[in-house]
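Both counts, for ligands and for their atoms, begin at 1 and track the order of listing.
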Amino acid sequence: MPDVRVRFAPSPTGFLHIGGARTALFNLLYARHTGGTFVLRIEDTDETRHVEEAVQVILDGLRWLGLDWDEGPEKGGAHGPYFQSQRKDIYRRYVRRLIESGTAYEFEDKEKGGTVVKFRMTREPITVPDLICGNVTRPLNDTEMADPDFVIVRRDGVPVFHLVNVVDDIEMKITHVIRGEDHLSNTPKHIALYRAFGVEPPKFAHIPLILNSDGSKMSKSDKGAALHEYMNAGYVPEAVRNFLSLLGWSPKGDVELLNLAETVERFDLAQVQRHNARFDHDKLHWMQGQYMLKMAPDRFNETARSFLAKTGLTAGQPDDYVLRVLGLVKEKVKLFTELPEWTTYFFRDDFTADREVIVKTFGSAPQSWELLEKLHSRYAGLSEWTHPALDTALRALAQESGVKAAALIHPCRVAVSGKAGGPSLFHLLEVLGRERVLSRLASARERLKLND
Ligand code: GLU
C-alpha cells in the first residue's frame with residue numbers, strides 16, 4: 001500500500017461552508033490517522049471571479065480550526081496551498097494526451113461559436129466502488145444516453161472542473177478522494193478520465209451531506225452554514241472541530257468529547273455513516289459550554305479581553321479590575337459574545353434592570369427597600385471589603401431583622417447589578433468594590449423605581 005495522500009480541494013466561493021470544513025477535517029483526520037499527507041488545493045480555474053479574498057476566507061477558516069495542510073509551493077517561509085490557476089501547462093499537456101489517443105476531440109460549438117474539447121465518454125454506466133456508499137451504479141440519464149461526451153476545455157480555453165480535478169489527483173498522487181456526497185454523480189466521469197489516462201483511480205469515500213435540524217438540506221443561506229458565523233460569534237475552535245467530527249462519523253463507545261489527538265486515534269473511514277447528518281445547534285452549544293469550562297484561564301482572559309475591547313466596555317478600566325471581573329464570570333459565559341451581558345454592570349453605572357426582575361424582587365416585598373438602606377449602612381461601616389466580611393455582615397443583619405438571608409441577597413444583587421442571577425453575590429460585591437456598591441445601594445430605590 002502506498003502512503004496515504006488525501007486532499008481538500010475547495011473552490012473559492014467567498015465562503016467556507018460548514019460541510020466544506022467538515023470535509024477538510026475528515027481528510028486531515030484520515031491523513032493523521034494513517035500517517036499520510038494532507039494536501040490543500042484551491043480549485044480556482046474559473047478566473048471570472050475575484051478570488052484572493054475568497055481564498056483568504058478558506059485559509060482563515062482552516063487555520064482557525066487547526067487544520068494544517070502538509071504540502072504546497074513555498075511561500076514566505078511556509079508552504080502555501082496549490083492553486084490550479086498556476087498549473088495550466090500541466091492541464092494542457094494532459095488534454096493533448098487525450099486528443100492524441102483519440103479519447104478527446106475538438107468540437108465546434110455551432111450555437112455559441114468557438115471550439116471546445118470534449119471527452120469521449122463510455123456509453124455504459126460506470127460503477128463507483130465507494131468506501132462509504134458501497135458500489136454505486138447510476139443509470140445514464142436521458143442527456144447522457146443521447147450524448148454522454150462532455151466538455152473538458154471551454155471555448156475560452158479554460159479546462160473544466162472534471163478534468164483539472166482528476167489531473168491534479170493524478171499529479172499529486174492522491175490515494176483517497178474524501179469529499180461530499182454531492183460529488184458522487186461526478187465520479188463516473190472522473191473514473192472514465194482515469195482510465196483514459198491509464199491510471200488506477202484512487203479510492204473514493206463520499207461523505208454524507210449535512211442537513212439542517214429540520215431535515216432539510218443545508219444550503220448556503222441557512223443559519224449556521226458558514227464557518228465564519230462561529231468564528232465571529234465567539235465559539236471555541238476546538239468545540240466546533242469536535243462537533244464537526246461527529247457529523248457523519250461516530251467513534252466506538254458513546255464518547256462525544258474528544259480532543260484532536262483522540263479523534264485522530266479513533267478516526268477511520270469505516271465508521272463514517274451512510275445516512276445524512278443533522279446539524280444539532282443545541283448539541284454544538286452544549287459542546288461549546290464544555291470547552292469553555294475546560295479552557296485555561298489565561299486563554300479565556302486573552303480572548304475575552306479582545307472581545308470586550310471591541311465593544312468599548314473596558315476602555316479606561318484598570319487591567320487588574322477587568323481580569324478580576326473575568327475571573328468571576330468565566331464559569332458562566334458560554335460564548336464570548338455573551339460577555340457584555342454578563343459584565344456590563346461591572347464597567348458602567350447606567351445599566352438597566354428588567355421590569356420583570358424589579359417587580360419580582362420588590363413587588364411583593366416592599367420592606368426590601370428599607371433592608372437595602374440598612375445594608376448600605378452596615379457595608380459603609382465595614383473595615384474590611386472582602387467576600388467573607390460582606391457575607392457575615394449581611395447574614396448578621398438578616399438575623400437581626402428577622403428575615404432570611406435570601407430576603408437581602410436578592411434585592412442586593414438586583415440593586416448592584418440589575419440582574420436576577422450571576423456570579424456568587426459576595427465575590428461580586430468584593431470585585432465591584434466599596435465605592436460602586438455603596439453608591440448603587442444608596443441610589444437603588446431611585447434607579448429601580450417603576451414609573452407606573
Ligand atoms: N472544487 C470541488 C468543490 O469545491 C472539489 C471536489 C473534490 O473534492 O473533488 O466542491
| Ring centres under 6.0 angstrom apart (Tyr30, Phe38) | no

| request: Check whether NZ of the Lys or CZ of the Arg Arg447 lies under 6.0 Å from the centre of the six-membered ring of Phe351 and within 45 degrees of that ring's axis. | output: yes

| query | Between Tyr235 and Phe336, does a ring pair (Phe, Tyr, Trp, His ring centres under 6.0 Å) hold up when you go through it step by step? | reply | CA-CA 7 Å; Tyr235 276 85; Phe336 286 107; 9.9 Å; no

| message | Applying side chain to side chain donor-acceptor pair (under 3.5 Å) to His427 and Ser424, what does each step give before you reach the verdict? | response | CA-CA 6 Å; His427 289 84; Ser424 124; 2.7 Å; yes

| Hey, what's the ring geometry for His183 with Phe161, parallel, tilted or perpendicular (30° and 60° as the breaks)? | tilted

| field | Pocket residues of ligand 1, ordered first by chain and then by residue number (heavy-atom cut-off under 4.0 Å) | value | Arg7, Ala9, Pro10, Ser11, Glu43, Phe161, Asn165, Arg179, His183

| message | Check this for me, if you would: do Lys294 and Glu238 make a salt bridge, where the nitrogen-to-carboxylate-oxygen distance has to be below 4.0 angstrom? | response | no

